[in-house]
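FYI, side chains are in, hydrogens and waters are out, and symmetry mates aren't considered; it's all heavy atoms of this structure. No experiment lies behind these values; they were computed from the predicted model shown.
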Amino acid sequence: MKHILTFLIISFLSSTAYAQSKFLAGHFINNDGTKTECLINDKDWRYNPTEIEYKITPDSEIQRIGIDQMSGFEIRGLAKYKKY
């Protein structure tokens, strides 16, 4: 019984400790006004982000763009950031 309880506790802790990146549908707008539809990594930012990670398609490589290179971005139905 003790082994089963230990196994359940370890299983629970390891499953909750594993965090997976969530790339959600959205877009960003470059400083020149070009809108790029993409999947943005939702990091549930506590403060304003300095960069975002994005993918053009679910299978493409992760790319990064700094806030200084864009005027804003949006994760559909979740968050919208605009630089003023």
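Defined by atom type and a distance below 3.5 Å, a donor-acceptor pair is present between the side-chain atoms of D32 and T34.
Closest heavy-atom contact between G26 and E37: O-OE1, 3.4 Å.
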Quiz prompt | L78 and L24: CA distance, side-chain angles, deciding distance, side-chain contact (heavy atoms from CB on, under 4.5 Å) verdict | solution = CA-CA 9 Å; L78 188 63; L24 304 174; 3.9 Å; yes
Could you go through the side-chain contact (heavy atoms from CB on, under 4.5 Å) check for I52 and I65 one step at a time? CA-CA 6 Å; I52 61 169; I65 184 170; 3.4 Å; yes
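Judged by distance alone, the side chain of K83 and the main-chain N or O of I67 form a donor-acceptor pair under 3.5 Å. A side-chain donor-acceptor contact under 3.5 Å links N31 to the backbone of D68.
Rounding to the nearest 0.5 Å places CD of E53 at 11.5 Å from CG of D42. Here CE of M70 is found 7.0 Å from CZ of F28. Values are rounded to the nearest 0.5 Å. Interatomic distance, CG of N41 versus CD1 of I75, reported as 8.0 Å (0.5 Å rounding). Note that CG of L39 and NZ of K22 are 14.0 Å apart. Values are rounded to the nearest 0.5 Å. Taking OH of Y81 as the start and OG of S71 as the end, the distance is 15.5 Å to the nearest 0.5 Å.
In this structure, the side chains of I56 and Q63 come closer than 4.5 Å at one or more pairs of heavy atoms.
Under the 4.0 Å criterion applied to side-chain N and carboxylate O atoms, E74 and K35 are not assigned as salt-bridge partners.
Grouping the Ile, Leu, Val, Met, Phe, Trp and Tyr side chains by contacts below 4.5 angstrom, directly or via other members, places W45 with Y54.
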